[in-house]
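Here's the structure, in structure tokens; my notes come after.
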Amino acid sequence: MSTIFSKIIAREIPADIVYEDDLVLAFRDIAPQAPVHVLIIPKKEIATVNDISIADEAALGRLFTVAAKIASDEGIAESGYRLIVNCNEDGGQEVFHLHMHILGGRRLGPMLAKR
Ligand code: 5GP
């Protein structure tokens, strides 16, 4: 099932794209939760972490190398940042095209909201 992120890859809807290569695309989140909030996605449609296969390791490794580059480009590498990948309902996943959030530019606080 394609999602809105496939439309961003295909340039069918606009996005503020900050990086692209053969395997991944990165763009600013439409509803940023921190001064820097970028999403990095594999170009291949992978719904969730549960759907990853060994063949995807190159693209998934690329998510991390690109995250580090974007953190540097955005000036948050030294101050710090958080990488998040949500999976399914309890993880809070809303878009079922696997993506990594990069959040930074302010003190992010505890990793999880208190119950
Ligand atoms: P999730 O909860 O699935 O981990 O995160 C999905 C993220 O995608 C949310 O932070 C949401 O704001 C972002 N998002 C949803 N639709 C769009 C869109 O059309 N464009 C952009 N740039 N971000 C989106």
Side-chain angles (χ1 to χ4, degrees):
M1 281 283 282
S2 287
T3 72
I4 195 121
F5 289 176
S6 293
K7 292 188 168 59
I8 290 174
I9 293 170
R11 307 303 204 269
E12 290 170 9
I13 64 164
D16 186 354
I17 292 169
V18 298
Y19 179 87
E20 180 171 24
D21 65 25
D22 55 327
L23 292 176
V24 306
L25 182 73
F27 50 92
R28 295 189 195 282
D29 197 290
I30 202 166
Q33 296 187 34
V36 175
H37 188 172
V38 172
L39 303 173
I40 317 174
I41 66 174
K43 287 186 171 175
K44 178 181 172 185
E45 288 181 11
I46 303 168
T48 79
V49 171
N50 296 335
D51 302 298
I52 290 170
S53 68
I54 288 171
D56 300 322
E57 286 179 349
L60 299 172
R62 186 72 61 83
L63 295 183
F64 277 92
T65 50
V66 170
K69 173 184 166 34
I70 291 170
S72 175
D73 291 348
E74 296 285 329
I76 59 170
E78 297 309 317
S79 54
Y81 54 96
R82 187 170 292 160
L83 304 178
I84 298 174
V85 180
N86 295 320
C87 182
N88 278 342
E89 193 171 346
D90 279 0
Q93 185 173 4
E94 292 175 356
V95 179
F96 286 83
H97 182 133
L98 191 152
H99 50 279
M100 176 184 280
H101 298 253
I102 308 173
L103 292 149
R106 67 169 170 83
R107 193 64 67 92
L108 294 170
M111 188 169 68
L112 296 175
K114 293 195 170 62
R115 291 198 290 154

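The model shown is predicted, which means the values in this text are computed figures rather than measured ones. Counting starts at 1 for both ligands and their atoms, following the listed order. Heavy atoms only: backbone and side chains are in, while hydrogens, waters and symmetry mates are out.
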query: Are H99 and H101 close enough, and set up right, to give a ring-ring contact (aromatic ring centres under 6.0 Å, His included), and what steps lead you there?
result: CA-CA 7 Å; H99 50 279; H101 298 253; 5.1 Å; yes
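- Between V36 and Y81, every side-chain heavy-atom pair lies at or beyond the 4.5 Å cut-off.
- At a heavy-atom distance under 4.0 Å, no atom of D16 approaches ligand 1.
- Rounded to the nearest 0.5 Å, atoms SG (C87) and CZ (F96) are 8.0 Å apart.
- For atom 15 (C) of ligand 1, the closest non-hydrogen atom of the protein is V95 CG2, 4.0 Å.
- Considering all non-hydrogen atoms of both residues, A34 and R106 come closest at CA-NE, 4.0 Å.
- Summarising the geometry, atom OG1 belonging to T65 is positioned 7.5 Å from atom CG belonging to D21; distances are rounded to the nearest 0.5 Å.
- With hydrogens left out, the protein atom closest to atom 22 (N) of ligand 1 is R28 O, 2.9 Å, a heavy atom.
- Looking only at heavy atoms of the protein, atom 17 (C) of ligand 1 is closest to I30 CG2, 3.7 Å.
- Taken from CG in L39 to CZ in R28, the straight-line distance is 11.0 Å, to the nearest 0.5 Å.
- Among protein heavy atoms, the minimum distance from atom 11 (C) of ligand 1 is reached at D29 OD1, 3.4 Å.
- Nearest-residue assignment for atom 3 (O) of ligand 1 (options Q33, E94, H37; heavy-atom criterion): E94.
- The nearest protein atom to atom 2 (O) of ligand 1, hydrogens excluded, is given as G92 O, 2.9 Å; this is a heavy-atom distance.
- Between atom CG of residue L63 and atom CD1 of residue I102 there is a gap of 9.0 Å, rounded to the nearest 0.5 Å.
- Atoms CG and NZ, from D22 and K43 in turn, are 7.0 Å apart once rounded to the nearest 0.5 Å.
- Against a heavy-atom cut-off of under 4.0 Å, I8 is close to the following atoms of ligand 1: 20 (N).
- Annotation for ligand 1: atoms under 4.0 Å from non-hydrogen atoms of N86 are 1 (P), 2 (O), 4 (O).
- Short contacts between ligand 1 and A31, defined as distances under 4.0 Å to a heavy atom of the residue, involve ligand atoms 12 (O).
- Under a 4.0 angstrom heavy-atom cut-off, F5 registers as being in contact with ligand 1.
- Counting only heavy atoms of the protein, atom 19 (O) of ligand 1 lies nearest to I4 CG1, 3.7 Å.
- When only non-hydrogen protein atoms are considered, atom 5 (O) of ligand 1 lies nearest to H99 NE2, 3.1 Å.
- Between the CD1 atom of I4 and the NE2 atom of H97 there is a distance of 12.5 Å, given to the nearest 0.5 Å.
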